[in-house]
Amino acid sequence: MSSVLIHRAEARRQLREYAAGEITNENLARGALLLALEDYPELEVDSMLARLDDLAERAARRGSAGEPPIFRLGHLHAEMFDVDEYRGNTGHYYDPRNVYLNEVIERKLGIPISLSIIFLHAASKLGLAAAGVGLPGHYIVKVQFELNEVYIDPFHEGATLTVPEISDLLAQMTGGRGKLSSEHLRAWSGRETLQRVAANLQSMWARAGDPRRSDSARERMEILQG
């Protein structure tokens, strides 16, 4: 952390500048950190990104030249979930710290979307064709290979999900009302993902009885609409 404080207005300016450009897996984590900057004025965005880059570099060092891409997925899984021990915060799911990416990196605890953003950042560094998938009430990652795609649940220590398991998960999240369709499994854009992060902040702060922070999160969500 730095002793230099970023003023709220400067944090908003940086977020607006970011939102005006293209949002990809490569800069998705930066966007999530810029969302946090307003509430963490000492946050060093580049320092946090370097820690995620290190995760990807450690995964890369596990591999060897010419190995199949599926191996890179295995290396990332090992570093993120076995070594760093990132996991879902099942005990205190609605703690807003689970949404702020800097807190997730520090505590190794998060909700599905924040953990998925970390996974997507590292996967992009490793050259994997990964995308976020925003299910109702849950968020997972799919990784596309030449002959198939693999669904990963970063909230549950990177568990691999089959399509029938995703269908069961959706039914569980919707009280049996949701039926899985191809629309549910589409790749989400980075902009959609960050808007959902901001929406989570809005609802969690409202739940915590802090309307000022809830309104601030809503304003940041509107900035991300571009």
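What you see is a predicted model, and the numbers here were worked out from it, not measured in a lab.
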**Request:** Take atom CZ of Phe71 as the centre, draw a 6.0 Å sphere, and report whether it contains more than 12 heavy atoms from other residues, nucleotides or ligands.
**Result:** no
**Asked** Are Val141 and Tyr151 side-chain neighbours, meaning at least one heavy-atom pair lies under 4.5 Å?
**Response** no
**Asked** If every non-hydrogen atom of Ser124 is compared with every non-hydrogen atom of Glu26, which pair is closest and at what distance?
**Response** CB-OE2, 3.8 Å
Taking distance alone, no hydrogens or angles, what donor-acceptor pairs closer than 3.5 Å link side-chain atoms of residues 76-85 to residues at least two apart or in another chain?
residue, atom, partner, partner atom, Å
His77, NE2, Glu157, O, 3.1
His77, NE2, Gly158, O, 3.3
Glu79, OE1, Arg58, NH1, 2.5
Glu79, OE2, Arg62, NE, 2.7
Glu79, OE2, Arg62, NH2, 3.3
Asp84, OD1, Arg58, NH1, 3.4
Asp84, OD1, Arg58, NH2, 3.3
Asp84, OD2, Arg58, NH2, 2.8

**Prompt:** Do Leu224 and Leu15 touch side chain to side chain, with heavy atoms closer than 4.5 Å?
**Reply:** yes
**Smallest separation among heavy atoms of Thr160 and Glu165, with atom names** = O-OE1, 3.6 Å
**Request:** Let me see the working for Ile111 and Tyr139 under side-chain contact (heavy atoms from CB on, under 4.5 Å), right down to the final yes or no.
**Result:** CA-CA 9 Å; Ile111 58 172; Tyr139 192 103; over 6 Å; no
**Asked** Going by atom types only, do Ser182 and Arg186 share a side-chain donor-acceptor pair under 3.5 Å?
**Response** no
**Item:** Asn27-His121 side chain donor-acceptor pair, cut-off 3.5 Å
**Value:** no
**Message:** Going by ring-ring contact (aromatic ring centres under 6.0 Å, His included), name the pairs with one or both residues in residues 94-119, residues two or more places apart or in two chains.
**Reply:** Tyr40-Tyr100
**Prompt:** Atom CG in Leu170, atom CG in Leu180: separation rounded to 0.5 Å?
**Reply:** 6.0 Å
**Message:** I'd like to know whether Arg12 forms a salt bridge (charged side-chain N to carboxylate O under 4.0 Å, His left out) with Glu219, so could you lay out the CA-CA distance, the side-chain angles of the two residues, the decisive distance to 0.1 Å, and finally the verdict.
**Reply:** CA-CA 10 Å; Arg12 286 282 175 103; Glu219 290 168 2; 2.8 Å; yes
**Message:** Using every non-hydrogen atom in the two residues, find where Phe155 and Leu115 come nearest and quote the distance to one decimal.
**Reply:** CA-CD1, 3.8 Å
**Asked** To the nearest 0.5 Å, how far apart are CE in Met221 and CG in Asn200?
**Response** 10.0 Å
Taking distance alone, no hydrogens or angles, what donor-acceptor pairs closer than 3.5 Å link side-chain atoms of residues 126-135 to residues at least two apart or in another chain?
none

**Prompt:** Thinking salt bridges, do Arg220 and Asp39 make one under a 4.0 Å N-O criterion?
**Reply:** yes
**Fill in**
Here the pair of heavy atoms bringing Leu33 nearest to Asn102 is CD2-N, 3.6 Å
**Side-chain heavy atoms of Leu161 within contact of His156, under 4.5 Å** = no
**Prompt:** Can you name the nearest heavy-atom pair linking Arg107 to Asn98, along with the distance?
**Reply:** NH1-OD1, 3.7 Å
**Item:** Ile70 side, atom CD1; Leu73 side, atom CG - distance, nearest 0.5 Å
**Value:** 5.0 Å
**Item:** Whether over 12 other heavy atoms sit under 6.0 Å from Gln225 CD
**Value:** yes
**Asked** How about Asn89 and Lys108: do any of their side-chain heavy atoms sit closer than 4.5 Å?
**Response** no
**Request:** Give a yes or no on whether the backbone of Thr193 and the side-chain of Arg196 come within a donor-acceptor separation of less than 3.5 Å.
**Result:** no
**Fill in**
Leu52 and Ala29 have their tightest heavy-atom pair at CD1-CB, 3.8 Å
**Item:** No-hydrogen, no-angle side-chain donor-acceptor test under 3.5 Å, His7 and Glu38
**Value:** no
**Prompt:** Would you say Leu101 and Met48 make side-chain contact, with heavy atoms under 4.5 Å?
**Reply:** no
**Side chain proximity check, Pro136 to His184, heavy atoms < 4.5 angstrom** = yes
**Request:** Check whether any side-chain heavy atom of Leu37 lies under 4.5 Å from a side-chain heavy atom of Gln14, and answer yes or no.
**Result:** yes
**Item:** Note, Arg87 side chain near Leu109 side chain (heavy atom, < 4.5 Å)
**Value:** yes
